[in-house]
Number of protein chains: 2
Amino acid sequence: MESEEPLRDRLVDVGVELVLTEGVASLGLREIARRAGVSHGAPRRYFPTHQALLSAIARRGFADLAGRFAEAVDEAASPRTQLRALASAYVRYAQERPGMFELMFRHDLLRGQARAAGRPQLREATLPLFGRIVELVTRCREQEDQGPQDVPAAVTAVALWANVHGLTQLWGWGSIGLALGEDDSPRTGNRLDQLIDAVIDAHLGAADA
Amino acid sequence: MESEEPLRDRLVDVGVELVLTEGVASLGLREIARRAGVSHGAPRRYFPTHQALLSAIARRGFADLAGRFAEAVDEAASPRTQLRALASAYVRYAQERPGMFELMFRHDLLRGQARAAGRPQLREATLPLFGRIVELVTRCREQEDQGPQDVPAAVTAVALWANVHGLTQLWGWGSIGLALGEDDSPRTGNRLDQLIDAVIDAHLGAADA
DNA sequence: GCTCGACAGTAGACACTGTCTACGGTGACT
DNA sequence: AGTCACCGTAGACAGTGTCTACTGTCGAGC
């Protein structure tokens with residue numbers, strides 16, 4: 001017996017393990033139950049539907065990501081540095097756990113498929129992150145006095161967030177390497193960092209270097 | 001008889017119709033065959049697998065999008081205006097045909113699931129677009145003499161492309177409205193245009209207004 | 001100490017999916 | 001007339017998610 005753990009948690013554990021190693025396509029309800037060593041009907045006791053189970057797994061992903069943010073960001077550093085760290089952590093997470101990242105943003109797999117049921121509740125998970133970005137962007141603007149132009153900080157924050165997310169997505173499925181010529185560069189990681197810097201500079205004005 | 005059209009094309013037509021009205025989840029192989037009035041085995045004659053059929057449908061989407069680009073962009077206009085038109089067309093397409101847009105970027109549904117088989121062949125569809133963006137960005141830089149900084153044009157182009165794509169994605173699933181407060185604004189379209197402008201200005205320097 | 005009932009998990013059915021294979025039927029060409 | 005390629009049908013197969021009826025098992029109440 002290695003299963004002191006309640007089944008509910010074990011199912012989510014198995015799901016996380018599974019999505020990390022085999023990808024989101026392998027997250028069948030029966031497959032998870034199989035790997036958890038229970039019958040295919042068992043999960044139903046804890047998760048009314050397949051989507052509910054997947055949502056629980058995705059929630060774990062969001063928690064992980066939040067943890068990464070916490071440990072990546074140095075509260076004492078300049079807001080710009082913090083933003084850089086945030087973006088880097090975001091992209092890096094998607095890089096290391098592509099399956100989980102995909103699941104987290106596959107809204108069709110998560111929660112009530114009908115328009116009924118309580119709010120998405122998962123989208124909220126990204127909101128604290130966004131609030132933080134807004135805050136950092138405003139602080140960044142008033143600290144460095146890059147021309148605050150006429151666009152409100154929230155708009156800049158959204159644009160920046162979208163940029164990082166889009167970058168992550170495109171990078172994830174190889175479009176960027178393909179577009180940039182994929183010049184068999186020694187380390188692609190630097191290329192990615194370069195892109196992140198360019199993105200942040202674009203939205204916040206060139207750095208002070 | 002209303003089916004002079006060869007079955008191969010009819011299947012794709014039905015698929016397009018279906019994804020536009022019912023979403024990508026409804027694109028079952030049997031469902032498409034059903035709506036085309038043939039048995040569930042018929043598609044196999046023309047598409048060896050379900051993914052192949054979905055790829056054909058997505059390809060139609062890319063063709064549509066290319067058409068939009070062509071008619072949205074005024075070749076004589078300034079490169080910046082052209083970029084704006086391009087981005088606007090992109091976002092607007094995703095807005096009007098969310099199902100098709102989703103399908104076009106659901107790489108797991110398209111083409112060889114194994115890493116074997118010929119090149120993705122679908123990703124190429126986005127490449128001409130990217131080449132055009134690079135060209136417009138460079139022209140934009142040398143025309144207006146916004147500081148060309150030290151980042152190469154290709155990097156800026158990728159960043160810009162990623163930004164537009166990310167914006168589209170986030171907008172598509174409502175995260176943006178949710179993040180910006182969703183202030184029951186009269187017309188959300190303007191909000192989107194405002195964002196697009198902000199994004200382009202960010203990557204290319206503030207406009208000449 | 002026995003019964004009762006809530007709970008956890010099993011097992012089978014159902015409708016459905018994508019793939020595969022064998023089969024019919026039609027039309028063109030020799 | 002015979003043949004052959006092609007198009008589409010129909011059934012089987014393994015697998016899916018959901019639903020329902022059924023077993024155990026354990027703790028509380030009389």
Side-chain angles (χ1 to χ4, degrees), chain A residues 1-15 18-19 22-58 99 102-103 106-117 122, chain B residues 1-15 18-19 22-58 99 102-103 106-117 122:
Chain A
M1 299 298 180
E2 45 158 344
S3 47
E4 289 298 318
E5 198 183 13
L7 181 56
R8 186 179 192 290
D9 298 334
R10 200 161 34 126
L11 287 170
V12 179
D13 287 346
V14 168
L18 202 50
V19 74
E22 313 278 335
V24 25
S26 67
L27 283 181
L29 174 62
R30 289 169 118 107
E31 178 66 20
I32 297 178
R34 214 170 289 138
R35 301 226 185 187
V38 293
S39 74
H40 67 271
R44 185 145 235 281
R45 182 95 23 200
Y46 305 95
F47 304 98
T49 178
H50 185 206
Q51 295 193 345
L53 173 52
L54 294 188
S55 297
I57 298 172
E102 186 188 348
L103 172 65
R106 281 284 302 278
H107 290 193
D108 57 317
L109 295 184
L110 310 179
R111 274 293 148 176
Q113 55 182 7
R115 59 207 66 257
L122 243 177
Chain B
M1 298 298 182
E2 43 158 345
S3 47
E4 290 297 318
E5 198 183 12
L7 180 55
R8 186 179 192 288
D9 298 335
R10 200 162 32 129
L11 287 169
V12 179
D13 286 346
V14 168
L18 201 50
V19 74
E22 313 277 336
V24 24
S26 67
L27 283 181
L29 174 63
R30 288 168 118 106
E31 178 65 21
I32 297 179
R34 215 169 287 139
R35 301 227 186 187
V38 293
S39 74
H40 66 273
R44 184 147 235 282
R45 182 90 30 193
Y46 305 94
F47 304 98
T49 177
H50 185 207
Q51 295 193 345
L53 174 51
L54 294 189
S55 298
I57 299 172
E102 186 189 348
L103 172 66
R106 282 284 302 279
H107 290 191
D108 58 317
L109 294 184
L110 311 179
R111 275 291 149 179
Q113 55 183 6
R115 60 207 65 256
L122 242 175

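In what follows, chains are A, B, ... by sequence order, proteins preceding strands, each numbered from 1.
In plain terms, the two heavy atoms of B/Ile32 and B/Ile57 that are nearest each other are CD1-CD1, 4.1 Å. A/Ala42 approaches A/Leu7 most closely through the heavy-atom pair CB-CD2, 4.1 Å. In plain terms, the two heavy atoms of A/Leu29 and A/His50 that are nearest each other are N-NE2, 3.5 Å. Between B/Gln51 and B/Asp108, the closest heavy-atom pair is NE2-O, 3.3 Å. In plain terms, the two heavy atoms of A/Val24 and A/Glu102 that are nearest each other are CG1-OE1, 3.0 Å. Taking both residues in full, the closest heavy atoms of B/Leu103 and B/Leu110 are given as O-CD1, 3.6 Å, listed atom of the first, atom of the second, then distance.
Minimum atom distance to the side chain of A/Tyr46 is reached by C/dA8, of the listed C/dT10, D/dG11, C/dA8. Listed nucleotides C/dA13, D/dG8, C/dG9 differ in distance to B/Leu7; the shortest reach to its side chain belongs to D/dG8. Counting only heavy atoms from C-beta on, A/Ala42 has its side chain closest to C/dG9 among C/dG9, D/dA10, C/dG18.
Heavy atoms of A/Phe47 sit nowhere under 4.0 angstrom from any nucleic acid atom.
Residues from residues 26-35 of chain A placing a heavy atom under 4.0 Å of any atom in DNA chain C, listed by number, are A/Arg30.
Between B/Arg8 and A/His50, the residue anchored nearer the 5' end of DNA chain D, judged by the nucleotide with its closest heavy atom, is B/Arg8.
Donor-acceptor pairing under 3.5 Å, judged by distance alone, is absent between the side chain of A/His40 and the base of C/dG9.
We find that CG of B/Leu109 is positioned 16 Å from P of C/dT17, with the value rounded to whole Å. Protein atom CG of A/Leu54 is 14 Å distant from nucleotide atom P of D/dT16, rounded to whole Å.
Here CG of A/Leu54 is found 8.5 Å from OG1 of A/Thr49. Values are rounded to the nearest 0.5 Å.
With a 4.5 Å cut-off on side-chain heavy atoms, B/Val12 and B/Phe47 count as touching.
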Determine, step by step, whether B/Arg45 and B/Val38 satisfy the side-chain contact (heavy atoms from CB on, under 4.5 Å) criterion, reporting the C-alpha distance in whole Å, the side-chain angles of both residues, the deciding distance to 0.1 Å, and the verdict.
CA-CA 12 Å; B/Arg45 182 90 30 193; B/Val38 293; over 6 Å; no
How does protein reach along nucleotides 21-28 of chain C, written 5' to 3' as B (base within reach of a heavy atom under 4.0 Å), S (only sugar-phosphate), or - (no contact)?
--------
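Taking side-chain N and O atoms only, B/Thr49 has a distance below 4.0 Å to OP1 or OP2 of C/dT19.
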